[in-house]
Every structure is written in C-alpha cells, then in structure tokens.
Amino acid sequence: MIRHVCKLIWHRKRTNLLLMIEIFFSVLVLFGVSALGVYTAENWRRPIGFTPDNLWVVDVDMRVTTDDTFTASQVETMRLVLAAAREVPEVERAAGALLPPYTMGASITAVSRAGRPVEFGVNEVTDEFKDVLGLHIVQGRWFGREDDGASYRPVVINAEMAAGLFPGQDPIGQNLTAEQRPGADSREGSRTGPGEREQRVVGVVAAYREDGEVDGQAWQALYRKPLIDTDPAVRENRPPGTLILRMREGTTAAAEEPLLKHLQAAARAWAFSVKPVHESRASMIAFAIAPVAAVGLVAGFLMLMVAMGLTGVLWQSVTQRTREIGLRRAKGAERTRVQRQILGELVVMTSMAVGVAAVLVAQVPIISPFYWVETHVYTAGFIIAAATIYLLTLLCGWYPSLMA
C-alpha cells in the first residue's frame, strides 16, 4: 500500500514537493517554539532554593567612578550600614551581595575540566546571606568567621553544580581552580598556579537560582565577601553594592522611608534606593515570558495560514483527480478506502518532510551556541512539533478526503 501511495505521490511530484516544503518549514518553526516552551517550563518547575516573599533589595551608590577608587574606610562604612539596617524594627535579617535575586544581569566565570571550559554563575555574598534567603545546606557548611585569614577562598556551590563538576566524588574540600583530569580528585595534586588563590568548596546548598523561576543557569557558586579591613584592591575584599533584607511579615511600603533615613544616617555621603523583590520577580517573569508569547503568537498565525493553504491545495488536488477517483469507485472501491488513500498520501508526504527536518534538527545540540540547554529539551520540542504537524495535516486533509 505504501509503495503504491509513493507512486501516486511521484506522479504528482511538482505539487506534492511544494506541499512537503511547506510542511518542512512548518516543522522547523514549530520545533523552535516547542523547544522554547519546554525550556521555559522546565526552568519554571525547578526549585529556586529561596523564598522571595518579604525580601527587599537596597541598591547602594557609594559615589565611586571606577573599581580602583575603593578604600578601606568604605568597608567599615558598609559594616555600619549593615548594622544600621538590622536596627530597623521591620528588618529581621540583613546581608550584602554583589547581585541580588531577580536582577537583570549575571556574573559568569569558567574553570577548566578535562581540557574544556565549564561555565557557571558566581555571586559574592556576606556571611548572613544564607539565613536571609533561607538556603538549605545539604553537605558541608556555610562559610563564616572560621574562614577569616584562611589561605583559601571559601565557596559554596549548589547541588547541580556539585553533581556535574565532581561526579561520584565528595565535593567538600575540592578546589575549583584546579584543572581536573577525568577520574582525578582536585584535592590531590592541585594545579593552582603561582599567585592564584585556592577556591575551596566548603559547602553545598540544595538549590540556588539567582533569577528564580526563569533562570536557565543550572550551576551557581557563592563566594564569601568577608568585609574585613584588608587591601580593597583585592576584589573579594571590596564592599558589596547591594543589601538584601528579610522583612517581617506584613511590612508595607510605608517602612521604606524610615529605612532609607536610618541607612542615610550611617553613610551620609552614599545614596540608597529600595525595591521589594516581588516587583523585580514580576518584571523578570514578564521579561522572560514576553518573547515566548510573541513567538507563539506569530507561530499560531503561521500555522493558521499553513492550514488554510494545505486545505486549499488538497481541495484543488482532489478536484483535479475526479476521473481517477471515479475510476476507483467504478471498480468497486469503498468510500472509506478512497478516503484512507487521500489521507495516506498526506501522511507519507508529511513523514518525508518530518524526516528531513529530523536530520536537520539532530545537528542543533551539536552546533547550538546555547550550551546550557540540555539535549532532551530539543528532543521533546521536536516530538511536540512532529505530533502537531501530523495532527494539523490530518485535520486539513479530512474534508478534502471526505469530498473525494
């Protein structure tokens, strides 16, 4: 039966080729939309590791123009500002950080593993950061006063990074700056270069995703910002530019002005601005969902146009084949068999177009610049696209096949 259908398709190859090209490009468009939707949905369901409710972010303007103008006195001033924030009755806990949750920006670094660079997100935070955000330690410990004066730089990583960077190994005590060979332990024979400080993993948190539900960065490392009176030219000793406050339940916007006045009293030369995290979260989610909705809307109109075009072409094709179909009916073919023939031709053409698209899509995980997107996202996106295009073509061919 399939061989006979292929012969019929070949005899009308010019018209059918145009149909297959149209289906081919439709599959590619649907694949892009489906993969984007699957990627967004997966990010949404993964745990973010912290509770955004009752969090406020205070941006601190230290009135510096370049990174080279920090002084030791600014470190002391930042300690005073943090202490002042904790004195406000509405504030339960306060911490400093390089990047707050739901910020329109990221800090990315890379380490070498098995001869290839591995990228992950980084943040520099003070000792109170874990309690302010409610992070859960699953291995090791959080950094603190015991790390003052240490020869290493303490770092806490999330569980996904620990499993991916140190598979089958204990991540505690590992050195992130050591280039690790397959099967080797970076705690043995560290390759840290001259003058390069060891970045030692002291703990693992269950999860932490800076941009929350829409964050696609799976690996995250948190470095300690000690706020000690040492050389501010060393980047890790420079004061953080953001305060993160855990506010008491029921705190309203009326508390913003007293909070700012209290902070301003501790650092009169600095400027402060407050924004609740739930507002940043809403902006981040809208920013992430907007392109998905826009692409989906465009794809929906495209599929509507494709459906109308397919229905028209199939209708015309059936009309032109009146004698062929009439001859089959005259020879005793049942109506259902004629209908199955028309739909069978459409399924075979769709399968050819989908097959060519599958070969092209199979290259995407290899050549895609989006290295952080896992292969199963592309696979799920293509399956959804193929299923949608089969359903669409069968619906478009249903009425012309009945007319046949």
Side-chain angles (χ1 to χ4, degrees), residues 39-40 42-44 46-50 97-126 129-130 133 135-143 147 152-182 184-187 190-193 196-225 235-236 240 242 244 284 288 365 368-377:
Y39 176 71
T40 303
E42 284 213 341
N43 286 338
W44 190 272
R46 288 164 49 210
I48 63 175
F50 63 93
L98 173 67
L99 295 170
Y102 299 102
T103 183
M104 291 291 185
S107 179
I108 306 294
T109 191
V111 295
S112 181
R113 284 295 183 270
R116 65 184 182 89
V118 177
E119 295 187 351
F120 55 91
V122 298
N123 199 353
E124 298 175 356
V125 301
T126 60
F129 186 81
K130 175 182 74 72
L133 267 72
L135 302 181
H136 178 55
I137 294 286
V138 293
Q139 282 183 271
R141 62 177 176 83
W142 185 255
F143 39 66
D147 297 303
Y152 58 86
R153 189 180 185 192
V155 56
V156 174
I157 62 178
N158 62 1
E160 288 189 65
M161 182 173 176
L165 202 58
F166 308 109
Q169 303 177 39
D170 183 5
I172 306 303
Q174 299 280 5
N175 180 13
L176 292 185
T177 58
E179 182 177 351
Q180 189 176 4
R181 303 181 304 275
D185 193 321
S186 62
R187 290 172 292 193
S190 171
R191 297 187 180 185
T192 304
E196 186 177 2
R197 195 177 180 197
E198 176 188 356
Q199 298 177 8
R200 182 180 299 179
V201 178
V202 298
V204 178
V205 294
Y208 178 65
R209 297 165 60 207
E210 241 165 37
D211 291 340
E213 297 83 353
V214 299
D215 191 353
Q217 180 67 48
W219 293 5
Q220 185 76 33
L222 301 172
Y223 292 86
R224 187 182 184 227
K225 181 71 75 173
R235 188 169 188 84
E236 66 184 90
T242 303
I244 305 175
M284 181 68 73
S368 173
F370 308 113
Y371 59 88
W372 58 85
V373 180
E374 298 180 5
T375 304
H376 73 271
V377 173

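Being a predicted model, the structure only gives us computed values, none of them experimental. Atoms considered below: every heavy atom in the structure, side chains included; atoms not considered: hydrogens, waters and symmetry mates.
Using cut-offs of 30° and 60° for the angle between ring planes, the Phe50 and Tyr208 rings count as tilted.
Contact annotation: the side chain of Tyr223 approaches that of Gln199 to within less than 4.5 Å [non-hydrogen atoms, C-beta and beyond]. In this structure, Phe166 and Ile172 have side chains that are not in contact, with every pair of non-hydrogen atoms separated by 4.5 Å or more. For the pair Leu135 and Trp142, the minimum side-chain heavy-atom distance is below 4.5 Å. At least one side-chain heavy atom of Leu176 sits under 4.5 Å from a side-chain heavy atom of Met161. Using a 4.5 Å heavy-atom cutoff, the side chains of Asn158 and Phe120 are not in contact. You'll find the side chain of Thr242 stays beyond 4.5 Å of the side chain of Leu99, heavy atoms only. In this structure, Gln220 and Val205 have side chains that are not in contact, with every pair of non-hydrogen atoms separated by 4.5 Å or more.
The two residues Pro240 and Lys225 have their closest heavy-atom pair at CD-CG, 3.9 Å. Pro101 approaches Ile244 most closely through the heavy-atom pair CD-CD1, 3.7 Å. Pairing each heavy atom of Ala206 with each of Ala159, the nearest pair is O-CB, 3.5 Å. Nearest heavy atom pair, residue Val201 against residue Pro171, reads CB-O, 3.3 Å. Shown here for Pro47 and Ala207, the closest heavy-atom pair between the two residues is O-CB, 3.9 Å.
Side-chain N/O atoms of Tyr102 and Glu213 include a donor and acceptor closer than 3.5 Å.
Between the Trp219 side chain and the Glu160 main chain, a donor and an acceptor come within less than 3.5 Å of each other.
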One pair to check against side chain to side chain contact (heavy atoms under 4.5 Å, CB included): Arg209 and Asn43. What are the steps and the verdict?
CA-CA 10 Å; Arg209 297 165 60 207; Asn43 286 338; 3.6 Å; yes
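In this structure, CE in Met284 is found 4.0 Å from CG in Asp211, a value given to the nearest 0.5 Å. For the atom pair His376 NE2 and Glu42 CD, the distance stands at 3.0 Å (nearest 0.5 Å).
Comment: Arg200 does not engage Asp147 in a salt bridge, judged by the lack of any side-chain N to carboxylate O separation of less than 4.0 angstrom.
Annotation: side-chain hydrogen bond (donor to acceptor under 3.5 Å, both in side chains) contacts of His136 (sequence neighbours excluded): none.
Results of the side chain to side chain contact (heavy atoms under 4.5 Å, CB included) test with Leu222 over Leu98, Val122, Asn123 single out Asn123 as the only residue that passes.
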